[in-house]
Undergrad: 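Sharing a structure, written as structure tokens. Questions coming.
Computed from heavy atoms alone, side chains included, the values below leave out hydrogens, waters and symmetry copies. Each chain gets a letter, A, B and so on, in the order the sequences are listed, and its residues count up from 1.
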Number of protein chains: 2
Amino acid sequence: MSRPHRLTRIAQLLSERRFSSQDELAEALGRGGTEVTQATLSRDLRSLGVSKRSGPDGGTWYELPGPATEQLDRGRQMVDLKVFVNEARLAQNLAIVKTPPGHASAVARAIDMLEFEGLVGSVAGDDTVLCVLADTATAKRFKRHLDALAGRIGGAR
Amino acid sequence: MSRPHRLTRIAQLLSERRFSSQDELAEALGRGGTEVTQATLSRDLRSLGVSKRSGPDGGTWYELPGPATEQLDRGRQMVDLKVFVNEARLAQNLAIVKTPPGHASAVARAIDMLEFEGLVGSVAGDDTVLCVLADTATAKRFKRHLDALAGRIGGAR
DNA sequence: CACGTTCGCGCATAGTTATGCATCGGCTTC
DNA sequence: GAAGCCGATGCATAACTATGCGCGAACGTG
């Protein structure tokens, strides 16, 4: 199964129930026909910006980023990016992200929450988000990251 | 230094800059005159509901709970509980939490975000929050947890 | 104040995650 | 279509975190 698919699947699983270790998650993915090693999972979770949380009672579990602690919104963040990023173009150290009309600010928020190193800032219009990256190399990495999340590796440009 | 103080200090540090490991945090605390081992830190971070986050770029760091991803609000959650919980009483499996006038809903929100196992739910009035716990034993643990965070171990009842 | 409990905490170590290195397959370039 | 790149991934292992156990201090009781 392709990486983008796997990432989506992981986000789904995390939004459904709590997993306390990567091995546990790996097993669940396996049962779903998606074989994956702990090492890859470690990298995937990083891509998704997932965090590991621990409660006062002893448990620990993975949590999707964003307004995640708000029960109902769990799992939204990445799904938003996947669904609402139509295209990402580069211009030197700038990235222009196209979204459906009116969705720019939501996408910009989601992008900010990626905490991408080298992302200086972003401004949202109505259907466009302008992201300022530290340099062209970073911008390239950034675009790739977005493309990967959106499931369009090497997609529209 | 007392545990409550230490917890507060940790929350402060985490809101100031990023720490990527418990040892790193321990060292910072040490420089501030608060000696602590990694083991204790592990337990403290759990008490605070802190989560470990990893970014797309390779870094990992600890993050306070709550609307934490909103830069400006970082570190607020626990501080709120510490400052605004006046008193916690028990009645069977119920906990009555007193707050300053008008602060009940804010405290209730903070309490919900603790994700305390066994906390069935909570309702807020104006200066009182009623928490429903699974059973009396859980209620007791819950009260202790609140007392500890508020810096009043075995405090008012 | 002696006794039974509970809590906080260090130590040592089990349990989990992250990552350097080597591969492999897909793309791009001459 | 051979050579060079790059991303994705497994493996082995380093790095980091959680926890069982035991001790000592603090508290509640009679």
Side-chain angles (χ1 to χ4, degrees), chain A residues 1-7 10 18-27 29-30 34-63 137 140-155 157, chain B residues 1-7 9-10 14 18-27 29-30 34-63 90 137 140-157:
Chain A
M1 180 174 252
S2 71
R3 180 175 140 91
H5 280 197
R6 196 180 55 229
L7 291 180
I10 290 174
R18 291 180 173 177
F19 291 85
S20 59
S21 81
Q22 301 182 357
D23 283 333
E24 188 184 335
L25 220 194
E27 200 191 339
L29 283 168
T34 306
E35 299 295 329
V36 64
T37 62
Q38 175 270 321
T40 297
L41 220 36
S42 170
R43 294 183 265 242
D44 284 353
L45 292 175
R46 176 190 296 286
S47 291
L48 289 169
V50 165
S51 61
K52 189 167 192 182
R53 173 93 185 276
S54 53
D57 43 73
T60 64
W61 66 93
Y62 287 96
E63 209 164 61
K140 207 170 164 189
R141 278 195 306 120
F142 181 68
K143 174 177 170 13
R144 267 203 292 275
H145 190 64
L146 281 189
D147 286 338
L149 283 178
R152 287 185 290 282
I153 301 183
R157 69 196 53 182
Chain B
M1 181 175 249
S2 72
R3 182 173 138 89
H5 279 197
R6 183 156 36 89
L7 291 180
R9 189 87 192 84
I10 291 174
L14 291 185
R18 292 180 173 176
F19 291 86
S20 60
S21 81
Q22 301 181 356
D23 282 333
E24 188 185 336
L25 221 193
E27 199 192 338
L29 283 168
T34 306
E35 298 295 328
V36 64
T37 62
Q38 175 269 321
T40 297
L41 221 36
S42 170
R43 293 184 265 243
D44 285 352
L45 291 175
R46 176 189 296 285
S47 291
L48 289 168
V50 165
S51 60
K52 190 169 191 182
R53 173 93 185 276
S54 53
D57 43 71
T60 64
W61 65 94
Y62 287 97
E63 210 165 59
L90 288 179
K140 209 170 162 188
R141 276 195 307 119
F142 181 68
K143 174 178 171 9
R144 267 202 294 274
H145 189 65
L146 281 189
D147 286 339
L149 282 179
R152 287 185 290 283
I153 301 181
R157 70 193 51 181

Undergrad: Please report the interatomic distance CD(B:Glu27) to OG(B:Ser21), rounded to the nearest 0.5 Å.
TA: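 That separation rounds to 9.0 Å.
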
Undergrad: Show each protein N/O and nucleotides 10-12 of chain D N/O combination with a separation under 3.5 Å, one pair to a line.
TA:
| residue | atom | partner | partner atom | Å |
| --- | --- | --- | --- | --- |
| D:dG10 | OP2 | A:Thr37 | OG1 | 2.5 |
| D:dG10 | OP2 | A:Thr40 | OG1 | 2.1 |
| D:dG10 | N7 | A:Arg43 | NH2 | 3.1 |
| D:dG10 | O6 | A:Arg43 | NH2 | 3.3 |

Undergrad: Using a heavy-atom cut-off of under 4.0 Å over every strand shown, decide if B:Ser21 touches base, sugar-phosphate, or nothing.
TA: sugar-phosphate

Undergrad: So, using side chain to side chain contact (heavy atoms under 4.5 Å, CB included) as the criterion, who are the partners of B:Gln38 when residues are at least two apart?
TA: B:Gln22, B:Asp23, B:Ser42

Undergrad: Using distance alone, with no hydrogens and no angle criterion, decide if B:Ser47 and B:Arg3 have a side-chain donor and acceptor under 3.5 Å apart.
TA: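 Looking only at side-chain atoms, B:Arg3 and B:Ser47 do form a donor-acceptor pair, the distance falling under 3.5 Å.
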
Undergrad: Here's a test for you: under salt bridge (Lys or Arg N to Asp or Glu O under 4.0 Å), which of A:Arg18, A:Lys52, A:Arg53 qualifies with A:Glu63?
TA: A:Arg53

Undergrad: Looking at D:dT17, D:dG7, C:dT17, which one has an atom nearest to any side-chain atom of B:Tyr62?
TA: D:dT17

Undergrad: So for the helix from C:dC1-D:dG30 to C:dC30-D:dG1, with five pairs setting each end axis, what is the inter-axis angle to 10°?
TA: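 Between the axes fitted at each end of the helix from C:dC1-D:dG30 to C:dC30-D:dG1 lies an angle of 40°.
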
Undergrad: Nearest to the side chain of A:Lys52, which nucleotide is it out of D:dA18, C:dC9, C:dT17?
TA: C:dT17

Undergrad: Determine the minimum heavy-atom distance between B:Leu41 and B:Ala26, stating which atoms define it.
TA: CD2-N, 3.5 Å

Undergrad: With side chain to side chain contact (heavy atoms under 4.5 Å, CB included) as the test, pick out the partner of B:Leu25 among B:Leu14, B:Val36, B:Asp44, B:Val50.
TA: B:Leu14

Undergrad: Any idea which of D:dA18, C:dT17, C:dG8 is nearest the B:Arg6 side chain?
TA: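 Nearest nucleotide to the side chain: C:dG8.
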
